[in-house]
Amino acid sequence: MLGTVVGRVWADRQLPGLNGRRLVLVAVIGSDRREVAIDLVDAAPGVAVLVATDEAAAAAAGDPTVDAAVVALVDNWDAER
């Protein structure tokens, strides 16, 4: 999914595999939906990103408990195609 990082998320408690991992809130482009994702690329707020989900996110993060992961910074996209 394509989205924009809108901020950082902090958790009081989380699964051990997520310790030390940065969490970000991503606004999904073209939707009112927001998703929390592991940030694998150090994306700053306001930056467009590509978020992998489900098995692709778990594989990218190397952790089966991860279901959303920021995997790329997006410079531009063509919404017409």
Side-chain angles (χ1 to χ4, degrees):
M1 95 181 84
L2 193 59
T4 304
V5 175
V6 294
R8 187 140 181 224
V9 175
W10 286 268
D12 286 335
R13 287 187 271 179
Q14 57 196 14
L15 293 172
L18 299 179
N19 287 339
R21 305 300 273 289
R22 185 171 184 235
L23 302 173
V24 292
L25 184 62
V26 177
V28 178
I29 293 176
S31 168
D32 291 334
R33 218 170 84 220
R34 296 183 187 259
E35 296 278 337
V36 175
I38 295 288
D39 183 7
L40 301 178
V41 295
D42 294 326
V47 172
V49 294
L50 179 65
V51 178
T53 58
D54 303 321
E55 293 87 4
D63 184 338
T65 64
V66 172
D67 67 354
V70 176
V71 295
L73 303 177
V74 176
D75 291 327
N76 201 351
W77 68 91
D78 185 357
E80 303 271 331
R81 290 186 180 194

Atom pairs and distances, donor-acceptor, side-chain atoms in residues 27-34, under 3.5 Å, two or more places apart:
residue : atom : partner : partner atom : Å
Ser31   : OG   : Arg33   : N            : 2.9
Arg33   : NE   : Glu35   : OE2          : 2.9
Arg33   : NH2  : Glu35   : OE2          : 3.3

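Taking CG from Leu25 and CG from Asp39, the interatomic distance works out to 12.0 Å, rounded to the nearest 0.5 Å.
Here the closest non-hydrogen pair linking Val5 and Ala44 is CB-O, 3.6 Å. Val49 and Val26 get closest at one heavy-atom pair: CG2-CG1, 4.2 Å. Shortest non-hydrogen contact noted between Val66 and Ala57 is CG1-O, 3.9 Å.
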TODO: Just do the side chain to side chain contact (heavy atoms under 4.5 Å, CB included) check on Val70 and Val51 with the steps written out, would you?
DONE: CA-CA 4 Å; Val70 176; Val51 178; 4.2 Å; yes
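For the side-chain contact (heavy atoms from CB on, under 4.5 Å) test with Val47, the passing option among Asp75, Leu73, Val74, Val41 is Leu73; the others fail.
Counting only residues at least two apart or in different chains, salt bridge (Lys or Arg N to Asp or Glu O under 4.0 Å) contacts with residues 44-66 are absent.
Ile38 has its side chain within reach of Leu23: a pair of non-hydrogen atoms, C-beta onward, lies under 4.5 Å apart.
Using modelled atom types, no side-chain atom of Arg22 and backbone atom of Arg8 make a donor-acceptor pair closer than 3.5 Å.
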